[in-house]
Structures are given as C-alpha cells and as structure tokens.
Amino acid sequence: MENNNEMLNEQEAQGAPEMHAQSENEPAASEDYRGSDGTRSGEIFELYAQLEMMKSELTTAKVQTALLLLGVAKEKLEDGTSLAVGLCSTGKTPEEAAAEIVSAYPHLKAVQRKIPQFSAASSGSDDGFSAIRKIFSGR
C-alpha cells in the first residue's frame with residue numbers, strides 16, 4: 001500500500017511541471033487573451049458582475065413596489081423587502097413573494113386610523129364660528 005502511494009506521488013511530481021507549462025502557453029491563462037469580439041476576459045467578468053447587480057436592484061424595486069401596493073408601512077418596507085427578496089431567489093415572482101410576506105407578517109401593514117371630525121352647530125352670526133365661515137366663503 002505504501003509503495004502505491006509513493007508511486008502516485010512520484011507520478012504527480014513528474015506530471016505537474018508538464019501540466020503547468022501547458023497551462024502557461026494556453027491563451028485562456030494569459031491576461032492578454034481576447035474573445036472573438038475583442039473584449040478581454042476580465043472585462044467580461046466585470047460586465048457579468050454589473051449585470052447581476054442590476055438584476056438584483058430590479059428585483060428589489062419590483063418587490064418594494066408590490067409591498068407598497070399591498071399596504072406595507074413605509075417604516076417597515078425594508079424588513080418586508082429583505083424577506084421577500086429571499087423568496088424571489090427560490091423562483092417566485094416579486095408579486096407572489098410580496099403577497100406571501102404580507103400574509104405571513106400582517107404587522108408590516110400600515111395602520112389606518114380614523115381622523116376625528118368636529119362639527120359645530122350654527123346658531124347665528126355671533127356663535128364664534130361666523131368669522132371663520134366668512135373667511136372660507138370668500139366674504
């Protein structure tokens with residue numbers, strides 16, 4: 001068994017310089033390698049990274065729009081967005097993910113409060129509100 005391991009190590013040591021020399025001669029390992037359209041492989045990698053970043057930003061924007069349309073409070077939008085973007089990575093659309101988050105976490109929705117309304121009965125021109133009524137009626 002030891003003899004086999006020694007033989008494998010010896011073969012790897014002999015084969016490694018040859019394989020390393022071949023990889024240096026290949027154009028893909030060179031920094032000056034250019035694709036068929038004249039771009040460098042580093043530029044392609046950078047463009048691919050920018051594309052992925054733009055896709056991520058677009059998904060985030062779609063999720064935020066869907067959450068706002070479903071009534072999520074602006075203060076809690078960031079929490080809902082991070083949850084829904086995670087669901088989008090599993091293959092759901094932004095709208096489906098937003099709907100699932102709102103149904104699972106109803107506390108993210110904005111609380112709608114009733115605005116109190118006051119009314120005063122008019123008892124003539126000296127009731128205290130007559131001056132205000134005159135201002136708003138254009139007199």
Atom pairs and distances, side-chain donor-acceptor, residues 55-63, under 3.5 Å, sequence neighbours left out:
from	atom 1	to	atom 2	distance (Å)
T59	OG1	K55	O	3.0
T60	OG1	S56	O	2.9

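- Here the closest non-hydrogen pair linking P94 and C88 is CA-SG, 3.7 Å.
- In terms of the side chain to side chain contact (heavy atoms under 4.5 Å, CB included) criterion, residue partners of E46 (sequence neighbours excluded) are, by chain and number, Q50.
- Atom-to-atom distance recorded for Y48:OH and L51:CG is 7.5 Å, nearest 0.5 angstrom.
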Table please: side-chain donor-acceptor pairs of residues 67-87 below 3.5 Å, with sequence neighbours left out.
from	atom 1	to	atom 2	distance (Å)
K76	NZ	H107	O	2.9
T81	OG1	L77	O	2.7
S82	OG	E78	O	3.4
S82	OG	D79	O	2.9

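- Evaluation of the side chain to side chain donor-acceptor pair (under 3.5 Å) rule for K92 yields E100 as partners, not counting sequence neighbours.
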